[in-house]
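Side chains are part of it too, since the values below use all heavy atoms of this structure and drop only hydrogens, waters and symmetry mates.
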Amino acid sequence: PLLLEARDLALSYGPTVALRGVSLGVARGEIVALVGPSGSGKSSLLHCLAGLVVPDSGNVFLDGTEVSRLSDDDRTRLRRDRFGFVLQFGHLVPDLTLAENVSLPLLLRGRSRVRALREAHALLDELGVAESAARCPGEVSGGQQQRAAVARALVAGPEVVFADEPTGALDTANGDVVMSLLTERSRERGITVVVVTHDHSRLAAVDRVIRLVDGATAAAA
Ligand code: ADP
Ligand code: ADP
């Protein structure tokens, strides 16, 4: 049974074709990597799958629900309630501590502030960032920021985590740590993961590699 399914997605930005008929399915609990050269459409595909962008044509289904037909409000709710996101540069809120940043998805889902902060601290502790939990993003290393971003994506128990170059700004050692935290925690919890990466050294932990070339899927390298 597929959790996520894309059928014949096409997307252009003006004259630039980003996706030209992409179809794929992702099973529940599967960890899938999207790879391919810069400009091949990886981010565009991730954004369509995550309901952040509506394709020009084609459909995205989550559990059989057609995501592209939902209203903007319903798609926002879907992202908030069922998805987690990790982006290249973390996109943590600069004026909040790491713990406050991680607690945000829980607050959005109606948890009390005290409880949300307690859960955020517990997860930061598990991910090895306890000592920086009370610091703001600008006061900690890039690796710690990305670990906090992983914590924020996982904290509310999403069904799917979408990660776009989550290790892009990190050196090899820190990148490996962040990628394994993301994949191991997700696997433990049965979370489905779609991760964009251009770094082939990070593919050991994934179940399947989907290669994009020129906006279309190609045979995996
Ligand atoms: P990748 O993630 O593989 O680098 P993208 O999905 O970001 O690929 O981009 C696919 C193509 O679409 C590229 O040619 C890129 O320049 C173009 N593109 C992406 N986003 C935009 C945008 N907002 N406006 C115009 N062109 C875009
Ligand atoms: P990635 O590292 O995922 O390939 P990029 O650095 O290419 O992303 O793009 C970063 C941002 O710029 C994205 O929001 C993307 O949609 C946008 N973008 C990418 N290519 C273009 C383009 N040719 N024109 C305008 N915006 C673009």
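- The shortest non-hydrogen separation linking Ala153 to Val86 is CB-CG2, 3.6 Å.
- Here Arg20 contributes atom CZ and Leu11 contributes atom CG; the two are 11.5 Å apart, rounded to the nearest 0.5 Å.
- Leu117 and Val150 fall into different hydrophobic clusters, where Ile, Leu, Val, Met, Phe, Trp and Tyr residues are linked whenever their side-chain heavy atoms come under 4.5 Å apart, directly or through other members.
- Counting heavy atoms from C-beta on, the side chains of Phe83 and Leu62 come closer than 4.5 Å.
- For the pair Gln144 and Glu139, the minimum side-chain heavy-atom distance is 4.5 Å or more.
- Distance alone, capped at 3.5 Å, places no donor-acceptor pair between the Arg152 side chain and the Asn101 backbone.
- Placement of Val22 and Leu3 within a single hydrophobic cluster is found when ILVMFWY residues are connected by side-chain heavy-atom separations under 4.5 Å, directly or transitively.
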Verdict with reasoning, Val53 to Cys48, per side chain to side chain contact (heavy atoms under 4.5 Å, CB included): CA-CA 5 Å; Val53 168; Cys48 288; 4.2 Å; yes
Stepwise side chain to side chain contact (heavy atoms under 4.5 Å, CB included) test for Val193 and Thr183: CA-CA 8 Å; Val193 178; Thr183 51; 5.6 Å; no
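- Using a 4.5 Å cut-off on side-chain heavy atoms (C-beta onward), Met179 and Val206 make contact.
- Remark: Thr192 OG1 to Arg187 CZ distance equals 10.5 Å, nearest 0.5 Å.
- With hydrophobic clusters built from ILVMFWY side chains whose heavy atoms lie under 4.5 angstrom apart, Leu78 shares a cluster with Val60.
- Asp81 CG to Asp74 CG: the interatomic distance, rounded to the nearest 0.5 Å, is 10.5 Å.
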Test log, rule side chain to side chain contact (heavy atoms under 4.5 Å, CB included), inputs Leu106 and Arg115: CA-CA 9 Å; Leu106 295 169; Arg115 195 164 155 211; over 6 Å; no
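- Counting heavy atoms from C-beta on, the side chains of Ile191 and Pro158 come closer than 4.5 Å.
- Atom CZ of Arg208 sits in a crowded spot, with more than 12 heavy atoms from other residues, nucleotides or ligands closer than 6.0 Å.
- A side-chain donor-acceptor contact under 3.5 Å links Lys42 to the backbone of Pro37.
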Side chain to side chain contact (heavy atoms under 4.5 Å, CB included) between Thr217 and Leu212, worked out: CA-CA 4 Å; Thr217 48; Leu212 288 180; 3.8 Å; yes
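- Atom-to-atom distance recorded for Leu154:CG and Arg185:CZ is 8.5 Å, nearest 0.5 angstrom.
- Hydrophobic cluster membership is shared by Tyr13 and Val196, with clusters built from Ile, Leu, Val, Met, Phe, Trp and Tyr side chains linked at under 4.5 angstrom.
- Here the CG-CG distance, from Leu181 to Leu127, works out to 5.0 Å after rounding to the nearest 0.5 Å.
- Here the closest non-hydrogen pair linking Val178 and Gly143 is CG2-O, 4.2 Å.
- Listed by first and then second residue, the ring pair (Phe, Tyr, Trp, His ring centres under 6.0 Å) pairs involving residues 102-154 amount to none (not counting sequence neighbours).
- A 6.0 Å sphere centred on CZ of Arg109 holds more than 12 heavy atoms belonging to other residues, nucleotides or ligands.
- Although no hydrogens or angles enter the test, the distance criterion places a donor-acceptor pair under 3.5 Å between the side chain of Gln146 and the main chain of Pro166.
- Shown here are the salt bridge (Lys or Arg N to Asp or Glu O under 4.0 Å) partners of Asp72, two or more places apart in sequence or in another chain: Arg75.
- The nearest pair of heavy atoms linking Pro137 to Pro94 is CD-O, 3.6 Å.
- In the hydrophobic clustering of this structure, Phe162 groups with Leu52; members are Ile, Leu, Val, Met, Phe, Trp, Tyr whose side-chain heavy atoms approach within less than 4.5 Å, directly or through other members.
- When all heavy atoms of Leu49 and Ala6 are compared, the closest pair comes out as CD2-CB, 3.9 Å.
- The main-chain N or O of Leu170 is never found under 3.5 Å from a side-chain atom of Thr167 such that the two would form a donor-acceptor pair.
- Open room surrounds CZ on Arg135; 12 or fewer heavy atoms of other groups in view lie less than 6.0 Å from it.
- Between the Asp207 side chain and the Val32 main chain, no donor and acceptor come within less than 3.5 Å of each other.
- Across all non-hydrogen atoms, the minimal contact from Leu98 to Val129 is CD1-CG1, 3.9 Å.
- Put simply, the side chain of Asp56 reaches to within 4.5 Å of the side chain of Ser12, judged on heavy atoms.
- Side-chain contact between His47 and Asp164 is present, with heavy atoms from C-beta onward closer than 4.5 Å.
- The minimum heavy-atom distance between Ser68 and Pro55, with the atom names listed, is CB-CD, 4.3 Å.
- Between the CG atom in Leu24 and the CD atom in Glu5 there is a gap of 8.5 Å [rounded to 0.5 Å].
- Using a distance-only test at 3.5 Å, with no hydrogens or angles considered, no donor-acceptor pair links the side chain of Ser23 to the main chain of Arg7.
- For the salt bridge (charged side-chain N to carboxylate O under 4.0 Å, His left out) with Glu159, the qualifying choice from Arg189, Arg79, Arg28 is Arg28, the only one to do so.
- With a 4.5 Å cut-off on side-chain heavy atoms, Leu104 and Leu96 count as touching.
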